[in-house]
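One-based numbering along the sequence shown. Remember, it's a predicted structure, so these values are computed and weren't measured experimentally.
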Amino acid sequence: MELKRLITAVENLIPCSHCRSDCNGKTPQNKAAHEDAPLPEDINEKFVALDALLVQNSLRAKILMAEITPLLKSTALATPAVKLEKQIKRFDFKTARQTLKEMEQSIRP
């Protein structure tokens with residue numbers, strides 16, 4: 001548990017890959033830059049797989065979400081992905097499904 005907190009603390013110190021500062025996308029310019037990255041091509045398939053795991057209240061959802069979150073780091077879904085990951089870590093699968101559905105709706109054409 002202590003190692004997890006240390007890793008999280010270190011990750012929070014890592015500068016933004018876009019501007020090489022600790023901006024967190026808070027300024028309008030940096031926020032736009034953070035949201036410019038395209039979504040991975042297979043994100044819909046990953047979302048379908050994640051939803052199936054959430055329906056089953058499967059702990060494997062946590063593993064899959066740990067793979068998905070970094071893929072969405074520099075996209076418009078970065079913030080909701082972090083929120084979703086936290087919900088899954090708390091075993092709040094019902095709310096996590098709602099968040100996932102919102103994320104899916106936000107990327108539909």
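What you find for Pro70 and Ala66 is that their closest heavy atoms are CD-O, 3.1 Å. Nearest approach of Ala37 to Ser74, heavy atoms of both residues: CB-O, 2.8 Å.
Residues satisfying the side-chain contact (heavy atoms from CB on, under 4.5 Å) criterion with Lys94, sequence neighbours excluded, are Asp92. Residues forming a side-chain contact (heavy atoms from CB on, under 4.5 Å) with Asp42 (at least two apart in sequence, or on another chain): Pro40, Glu45, Lys46. For Pro80, the side-chain contact (heavy atoms from CB on, under 4.5 Å) partners are Leu77, Met103, not counting sequence neighbours. Ser58 meets the side-chain hydrogen bond (donor to acceptor under 3.5 Å, both in side chains) test with Arg60; sequence neighbours excluded.
Inter-residue side-chain proximity for Asn44 and Ile107 is flagged as met; some heavy-atom pair is nearer than 4.5 Å.
The distance from the CD atom of Gln87 to the CG atom of Leu100 is 10.0 Å, given to the nearest 0.5 Å. Going from atom CD of Glu85 over to atom CG of Leu64 covers 10.5 Å, rounded to the nearest 0.5 Å. Here the straight-line distance linking atom OG1 of Thr69 with atom NZ of Lys86 works out to 11.0 Å at 0.5 Å rounding.
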Problem - Candidate pair Leu84 and Ile68, rule side-chain contact (heavy atoms from CB on, under 4.5 Å), full reasoning - result: CA-CA 10 Å; Leu84 177 58; Ile68 294 172; over 6 Å; no

Practice task
Evaluate the criterion side-chain contact (heavy atoms from CB on, under 4.5 Å) for residue pair Thr75 and Ile43; output intermediate values, then yes/no.
Solution key: CA-CA 12 Å; Thr75 71; Ile43 197 64; over 6 Å; no

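With hydrophobic clusters built from ILVMFWY side chains whose heavy atoms lie under 4.5 angstrom apart, Ile63 does not share a cluster with Phe93. Taking hydrophobic clusters as Ile, Leu, Val, Met, Phe, Trp and Tyr residues chained together by side-chain heavy-atom distances below 4.5 Å, Ile88 does not share a cluster with Val82.
Legend: salt bridge (charged side-chain N to carboxylate O under 4.0 Å, His left out) pairs involving residues 99-108, not counting sequence neighbours, sorted by first then second residue: Asp51-Lys101, Lys101-Glu104.
Clustering of Ile, Leu, Val, Met, Phe, Trp and Tyr by side-chain heavy atoms under 4.5 Å joins Val48 with none of the others.
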